[in-house]
Amino acid sequence: MADVSNRRVGNQYRQGRNASSYKRSAYVNNINGIDGNTARQLNAVPKRRERYEPVHRPRRRPEKQPVKMPGIDGASFIFLACALCIVVFVALSYVHLQNNVRSMEKEVVSMQAEIEEQQEKNNIKYNEIVASVDLADIYKLATEKLHMVRADNNKIYKYKNKKSDMVKQYADIPGAGD
C-alpha cells in the first residue's frame, strides 16, 4: 500500500492565516483519495520508473579524427625563405641608402654655408682693396714723381707678335735691380 498522504497537493507552503486550514483539508482529501476534481484509487501503487544507464554500443564507423592542416613542403619553404631574405636585404639596403642621402644632404648644406662665408670674406677684402686704392693718388705719383705723361690716341701703338707670346730677355733691365 502506498501512502498518498505524503504527496504534495497544490501549494502546501502557503503562509499566513489560511495555511493551517489548507494543510488540513489537503490531508483529509488525500486520505479519501480525492485530489481536486479527480478520484484516485486508495491503494494504488505508482509505476516504478527505471533509470536507464547509457549502454555503450559499439560504433559502426570510427570516430573522425580532427582535420590536420596541410603543412608546406620543402620547396615552398625554401621559396618563402628566399623571398623573405630578399625582402629583408632590400629593406636594409633602402635604409642604408636613405642614411647616405641624409648625410650627403647635411654635408652639402655645410659646404654651401662654408662657400657663402668665403664669398662674404672675399667681398669684404675686395671692397677694402678697392677702397684703399685711390686713382687720384696714383695719377699724382705717376706724373709728379715718375714724370710720366698721359698717352694720346695717336701715341698708342698696337702690334701683333707673330712668333709667340713668350718674351726672351737677353740682359738685365737697367734700373730694375733696385
Can you tell me how far CD1 of Ile115 sits from CD of Glu120, rounded to the nearest 0.5 angstrom? 14.0 Å
For Leu92, all residues meeting side-chain contact (heavy atoms from CB on, under 4.5 Å), sequence neighbours excluded: Val88
Run through the side-chain heavy atoms of Ile, Leu, Val, Met, Phe, Trp and Tyr, join any pair under 4.5 Å, and report what else lands in Val108's cluster. none
Review item, side-chain donor-acceptor pairs of residues 127-139, under 3.5 Å, at least two apart:
| unit_1 | atom_1 | unit_2 | atom_2 | d |
| --- | --- | --- | --- | --- |
| Asn127 | ND2 | Asn123 | O | 3.2 |
| Ser132 | OG | Glu128 | O | 3.3 |
| Ser132 | OG | Ile129 | O | 2.8 |

Going by atom type alone, with no hydrogens or angles, which donor-acceptor pairs under 3.5 Å involve a side-chain atom of residues 74-82 and a protein atom two or more places apart or on another chain?
| unit_1 | atom_1 | unit_2 | atom_2 | d |
| --- | --- | --- | --- | --- |
| Ser76 | OG | Asp73 | OD1 | 2.7 |

Can you name the residues that form a side chain to side chain donor-acceptor pair (under 3.5 Å) with His147, not counting sequence neighbours? none
Distance (rounded to the nearest 0.5 Å) between Arg102 CZ and Leu97 CG: 12.0 Å
Test side-chain contact (heavy atoms from CB on, under 4.5 Å) applied to Lys121 - qualifying residues, sequence neighbours left out: Glu117, Gln118
Between atom CD of Glu107 and atom CG of Asn100, what is the distance when rounded to the nearest 0.5 Å? 11.0 Å
